[in-house]
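Data block below; observations after.
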Amino acid sequence: MINARPLLLLVAALLTIGCDRVTKHVATTMLAGEPDRSFWADTVRLGYAENAGGFLSLGADWPALARTVVFTVLTGALLVTAAYVGRRRTDAMTRLGLTLFVAGGASNWLDRVANGRVVDFLNVGIGALRTGVFNVADVAIMLGAGLLLFAELRRMRESPLP
């Protein structure tokens, strides 16, 4: 009998990476050089941004070699390690969380390898309370991290320490 779970996780990873690649391409072709676009009473803004750094542009002003080492070499190694270590996890929530986290990270990593930067284009908020600019891969990373945290908290609740 075929185990569908690994196939479903592969599909989730490919859809995550595919959606991120397509939306970044659309952002590059339709938003670059254009003014930001606002939707739903300015709750959602679409605007082209290039991020040479990490989360919230951390490290964007570092020398190119430092950015390459941290955001390409080390991040790539951490993604491979996370995928390898996580493959032994058995519960569905942990595996899905890890799949989304690694797929989002891998898609951003591909941008860094190819271009030395990541394309961001989404910003949400109300008034002055806004997020940083992000992309679909970032959503997958955060959703994956949330699922991993939730699975770990559930695991701790079900088997408390003596």
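Screening Lys24, Glu50, Arg117 against Asp111 for a side-chain contact (heavy atoms from CB on, under 4.5 Å) leaves a single residue, Lys24. A side chain to side chain donor-acceptor pair (under 3.5 Å) with Ser107 is found for one member of Asp20, Thr16, Asp138 and no other, namely Asp20.
Side-chain atoms of Val124 and Arg45, non-hydrogen and from C-beta on, never get closer than 4.5 Å to each other. Between Val70 and Trp62, some side-chain heavy-atom pair lies under the 4.5 Å cut-off. Taking 4.5 Å as the limit, every side-chain heavy atom of Leu122 sits out of range of all side-chain heavy atoms of Asn135. Side chains of Leu148 and Leu98 form a contact here, defined as non-hydrogen atoms less than 4.5 Å apart.
A salt bridge is defined here as a Lys NZ or Arg NE, NH1 or NH2 lying under 4.0 Å from an Asp or Glu carboxylate O, and Glu158 with Arg155 fails to meet this definition.
Closest approach of Met30 to Glu34, counting heavy atoms only: O-CG, 3.6 Å. Scanning all heavy atoms of the two residues, the minimum distance from Gly104 to Ala140 falls at CA-CB, 4.2 Å. Across every non-hydrogen atom of Ala27 and Tyr48, the tightest pair is O-CD1, 3.7 Å. In terms of heavy atoms, Thr43 sits closest to Arg130 at O-NH2, 3.4 Å. Shortest non-hydrogen contact noted between Asp91 and Thr94 is OD2-OG1, 2.7 Å.
Distance CE/Met142 to CG/Leu149: 10.0 Å, rounded to 0.5 Å. Rounded to the nearest 0.5 angstrom, Arg67 CZ and Asp61 CG are separated by 8.5 Å. Between Ile141 atom CD1 and Phe55 atom CZ the span is 10.0 Å, to the nearest 0.5 Å. Put simply, OG1 on Thr99 and CG on Leu9 are 4.0 Å apart, with the number rounded to the nearest 0.5 Å. For the atom pair CG of Leu46 and CG of Asn123, the computed distance is 9.5 Å after rounding to the nearest 0.5 Å.
The same ILVMFWY cluster, assembled from side-chain heavy atoms under 4.5 Å apart, contains both Val136 and Leu31. Clustering ILVMFWY residues whenever any of their side-chain heavy atoms sit less than 4.5 angstrom apart, transitively, puts Leu74 in a cluster other than the one holding Val80. Val133 and Trp40 are assigned to two separate hydrophobic clusters, defined by single-linkage of ILVMFWY side chains at heavy-atom distances under 4.5 Å. No single ILVMFWY cluster, assembled from side-chain heavy atoms under 4.5 Å apart, contains both Phe134 and Leu143. With hydrophobic clusters built from ILVMFWY side chains whose heavy atoms lie under 4.5 angstrom apart, Val119 shares a cluster with Val139.
Remark: the backbone N or O of Thr72 is paired with a side-chain donor or acceptor of Trp109 at under 3.5 angstrom. Distance alone, capped at 3.5 Å, places no donor-acceptor pair between the Ser57 side chain and the Ala52 backbone.
No more than 12 heavy atoms of other residues, nucleotides or ligands lie within 6.0 Å of CZ in Phe101, so this atom counts as exposed by the packing criterion. Atom CD1 of Ile126 has 12 or fewer neighbouring heavy atoms from other residues, nucleotides or ligands inside a 6.0 Å radius.
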